[in-house]
Structures are given as structure tokens and as C-alpha cells.
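When reading the values below, keep in mind they use all heavy atoms of this one structure, side chains included, and skip hydrogens, waters and symmetry mates. Residue numbers run from 1 in the order of the sequence given. Counting convention: from 1, in listed order, for ligands and their atoms alike.
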Amino acid sequence: MTGGMRRGLTSYGDAQFSLFLRKAFIKAMGYSDDALERPIVGITNTYSEFNPCHATVPQLIAAVKRGVMLAGGLPMEFPTISIHESFAYPTSMYLRNLMALDTEEMIRAQPVDAVVLIGGCDKTIPAQLMAAASANVPSIVLPTGPMLTRTHRGERLGACTDCRRYWAKFRAGEIDQHEIDAVNARLAPTAGTCMVMGTASTIACMTEAMGMSLPGAATIPAVHAERLRLAEASGARAVGLAQSGPRPDAVMSPKAFTNALTVLQAIGGSTNALIHVTAIAARRGVRIDLDSFDALGRKVPVLVDLKPSGQHYMEHLHDAGGLNAVLRELRSLLHLDVPTVSGQTLEEVIAASEINPIQQVVRSIGNPIFPSGGIAVLRGNLAPGGAVIKHSSATASLLNHTGRAVVFDSLDDLAARIDAPDLDVTADDVLVLRNAGPRGAPGMPEAGYLPIPKKLAQQGVKDMVRISDARMSGTAFGTIVLHVTPESAIGGPLALLQTGDRIRLDVDSRLLELGVSPDELERRRAQWKAPALDAGASGYRRLYLEHVLQADAGCDFDFMVEAALRDVAPVAMG
Ligand code: FES
């Protein structure tokens, strides 16, 4: 036997001594020789008191361990970084690559024959999948699962689409302090991830579609007993993966990534997920191309009626049959012959799933929520490397709009001026935020949902065209152009924009154009001074600033993907 305790021995120049020493130490934990001869299933522990989305991780770990032991394996839990959206300074995106490095190296360093990756909050599963793709040890993802909902004055609330909606009402003076406090206490009523189709739910759905988690993993509510049974089954299945695979390189194939991106379009998923999947795929040497993703969106309609594109929540999608109800409807657009960690092909998984004939959450292809996919890719002289818009949750009348730019130079500038009574702005203008990209902020904050200027909000303005090199929470909504690439901090055209310039957004034509002549742009470029990007940084911050890639390349570190992508053509989708 070469696996288990014999895997990856610490190097002393005498392998037998290394094993002897390892066993001597691990026996201090009370393990028997019988236990130490079993296949070892590592279980990531991402519990943190700063991470309510992961509050149930201890119970999930206990259930995974039960499954591993019932299947004859030895479960070994180990800690990794945990990232929560609201407790990650400067941003969770800044830390995603650190979590990926941490998880990958811990999988490599420790003698695990397979690993159960328990994640949930937005950046955690992407980081874990990046790690699994690089380490290529048999892996199965167990999401923590979505929160349940609550109501406020008879209206159902969801984190965090309704966080933004109620905050906008408060800013506009429509509700008072007392009411916003009451809402604050009701938005996140249970443990688990945000229960709308935000980034966490989107990634969980794409992971299941990709074949990296068991059926039902994306939608079972975090606090349902069914999720503990899923955890037990994931543990048992991990023992099977340890013995006979498939490994991540067999599951995370170009076809599987295309399936995941098809699902992203069909669920009206988060724009963030596109960045994450691009990064995960690159780790497997698969290049995701923005234009073919956009072409995919022209033939895949939004089928899932969930906030922020629709009206329901994740618990309703689960009752409707979960992701399998979506996959069944998308059958003609998916690659069905791909393997999954369940041991079945995707076709077999769909065939075995339960059908709910009276559900109203997943529409048919002939009767979609939105006629095309949720996300469109824009190009033009303002975004030569691309930009994205979630047009399924935008205002239809603004999708073809020309307006005057009102430019904010940074997050600080935005905070200082957006509510100023003398801000020169009208509802027809285009709000622009720059220096909020992967390097500029740094960490590409979810600041793309620029607030409506207070004086306009008080006049009843609910949406405006907003453009930035930042990201946006998957739970947000509005006519918002994101991920403008290249970002302004490295000299992208956004850096040359001036208040008063005309900007044309034409989503049908996929255009984002700046109405300024090339000569004038060249004149401005000659005068542009690059912002100082923390030249004296050290440690992780320096690593990040020197190596982070742009949004169209997934914001991974260049040294993680350059070799894998050398001479690789973009994946053909469809
Ligand atoms: Fe963790 Fe929304 S804050 S999933």
C-alpha cells in the first residue's frame, strides 16, 4: 500500500523512519494501527466565528466522518482559512487566492487519499475548487447550503437582495430608523449562505452541474436534516473516490466547464461566478473565452425564477426539484456524457432525480423568465478587454442608453461626494467608479452597485446606468456594468474618462463606447499618471499586487496559470 499514512512522507532520507515517526506522533491522537491502515479522507474545517455562512460546519463534519467510517475509511479533519464577505478586509476577493494556496498546499502536504471540501460563502468554494484543480487529489465539494427566509410585515426577506432594497428605501427616506433596524434583524434568520441567487448559490449550482458535488448539494437548506444526510453520503462517496476516482482532472473537463457556464446563464447567476470559473478552469489548463460565453448566453434563456432576477428563494428551488429540475430542462444544451463525483454520468444523475410536476420556480425553455442568458459581455473602446452586465436583473429601458459620465476617482471619492446636495447629476447620467479593479482597490471590491445619489433617490429614481472596474454582489440588481477590463489603475481607458464625456451602452449590440476621439484619448493618455499601488507593500499584499491577473483571466495569480495555459486555445462552448 502506498496511500494513506505512507503518502507524502516528510523527508529525512529514510522513508521507513519517516513512517515510523509519523505513526508515533499520530498515535498520540488515540488512533489504532487498524485505523491508520484505512484510506484517509481529509475534511476541510472552514468553521470560524466570523463566518455565519459556515456556522453548521461542525455538524457537517460530524456527518461526513460518519459516512467515511461507515464506508471503511479514516476521516481526518484539518483547518484552512475561512472567508466571509462582511469580514474580509480589504475584500474577500483579495483573500480568495490565499485560501486557494492554503487549501492546495494542505491537500498536498498531508497524507489524504481524498478530500471533502466544505465551503459555502462566496469565495470559499471557488478557492477550494482552484486548489482541487491544482492538487488533483480526488475531491468532493460539500456546500454549507442556503439560509431559510423570514418575513417582515408580510413580505418575504432574503439576504442580501432585500438588504440593498431596504437600504435604498432608507436612503430615500421611505422608511425610518426603527424599521430599518427591524429589517436588519430579520434578513439572515438562520445559518447558511445567502438564499437568493447570489454568488454562493450560483457557485453551488455550478459546482453540482460541473459534477464536483452530489445531487442536491446546491439547494438543500443549510439547517435541514437532509443536508446532514448529504454530508454523510459525501463522506461515504469520498472513500469510493479515494479507491477508484474520478480525480478532478477527469471531472473538471472542458465539457464540464461548459455545462457550468450554461447553468450560470440559465439560473440568472452572479457575475462573480464568471471570474471564479475562469480561474478554476485555468488551473486545469482550460481557457474560458468571454465572447464564446456571451454567445452561449444568446441561446440559453434564464429559467429560474429566483431573486434578484425573479421572485423566489433557494428553499423554493429545492422544493421544485433542486438543480436537477434545471438540468433536466437544459438537457439539449448540456454535455450529458461527463463523469461526476457521484460515480454516475450527468445523464444518469438527471435520469435518477425526482420530478416535481407542480413546481413554479423552474420554467420551461419555451416559457423563460428572460429570453437570453443572465449575463452579457460588452466590448468597445471603453472596455477593450471586456466588461459584463447582468441584464436579466437590469432596467429594460436603460439597456440601450447614452448619457453623460459623472466620474468618481475612487471609493473614497464616491463616499465623499455621492450624497452631496450640489453634485451635478441627473437620472439620465452614467455614474462611473474607477480605481476599484483587481489591483486598484486592491481586491476588486463589490462596489459596482454604486448608490443612487441621495437627491435623486429622494425624487424616486430607482436605477441608473452605472459602470466600474469593480465587481458587484450576486445578490444585487440594476443596470450595472462591471469588470471593465483593463482596469483603470493599470491604464485602461476608464482612467482617461472625464466627467461630461458621453458614454453609450447598447446591450443588444454588446457595445460600451466612449464618445471621445482617439486623438483626444491619446492626449489624455500622455498626461495620465499611474496611481502609486502601494510600492512598499510586503508579504501577501506584495504577492497579490505583483501577480494578480485581470478579471477576464479570473484574477488568479499569473504564476498559477501561465504554464497551464501556454498555447491553449479558448474552449469551444456549445
Ligand atoms: Fe456568505 Fe452571502 S455573505 S454567502
Side-chain angles (χ1 to χ4, degrees), residues 44-57 60 80-96 99 117-129 141-150 156-167 183-208 213 217-224 227 264 267-273 275-276 306-309 313-315 317-318 323 390 393 443-449 471-477:
T44 61
N45 184 350
T46 53
Y47 177 79
S48 159
E49 289 187 343
F50 286 111
N51 194 343
C53 303
H54 291 207
T56 56
V57 165
L60 291 172
T80 72
I81 295 172
S82 189
I83 304 172
H84 183 272
E85 287 302 296
S86 300
F87 294 93
Y89 178 82
T91 74
S92 58
M93 191 66 170
Y94 172 78
L95 294 170
R96 183 202 65 180
M99 182 172 178
L117 301 161
I118 304 180
C121 197
D122 294 12
K123 307 303 177 291
T124 57
I125 292 178
Q128 292 172 329
L129 284 174
V141 173
L142 175 63
T144 54
M147 290 182 230
L148 295 176
T149 54
R150 244 209 89 172
R156 207 178 274 266
L157 291 183
C160 237
T161 301
D162 297 314
C163 312
R164 294 169 213 290
R165 196 163 58 80
Y166 272 90
W167 188 251
V183 168
N184 185 263
R186 291 169 188 169
L187 282 162
T190 72
T193 51
C194 292
M195 65 295 239
V196 297
M197 193 51 82
T199 305
S201 301
T202 303
I203 289 290
C205 288
M206 293 171 78
T207 302
E208 190 176 327
S213 59
T219 56
I220 302 169
V223 293
H224 278 194
R227 185 154 291 274
L264 170 59
I267 60 180
S270 162
T271 46
N272 286 314
I275 295 180
H276 297 318
L306 245 66
K307 289 200 172 188
S309 295
Y313 296 87
M314 285 298 279
E315 64 198 78
L317 176 58
H318 185 58
L323 185 72
K390 188 169 174 179
S393 59
M444 209 179 178
E446 290 188 340
Y449 180 81
R471 296 177 300 117
M472 171 176 88
S473 165
T475 63
F477 48 89

Margin query: Using side-chain contact (heavy atoms from CB on, under 4.5 Å), reason through E315 and M147 one step at a time and then give a plain yes or no.
Written below: CA-CA 8 Å; E315 64 198 78; M147 290 182 230; over 6 Å; no
Check: Nearest heavy-atom pair of R227 and A217: which atoms, and what distance?
Finding: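 The answer is NH2-O, 2.7 Å.
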Side chains of [X] and [Y], heavy atoms from C-beta outward: is any pair under 4.5 Å?
| X | Y | value |
| --- | --- | --- |
| E446 | M93 | no |
| R471 | T199 | no |
| L60 | L142 | yes |

Next item on the list: Classify the ring geometry between H224 and H318 as parallel (under 30°), tilted (30 to 60°) or perpendicular (over 60°).
Entry: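 Plane angle over 60°, so perpendicular.
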Check: Using a distance threshold of 2.8 Å, what protein N/O/S atoms lie below it relative to atom 1 (Fe) of ligand 1?
Finding: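 Under 2.8 Å from atom 1 (Fe) of ligand 1 - ignoring waters, which are not counted - the protein N, O or S atoms are C53 SG, C121 SG.
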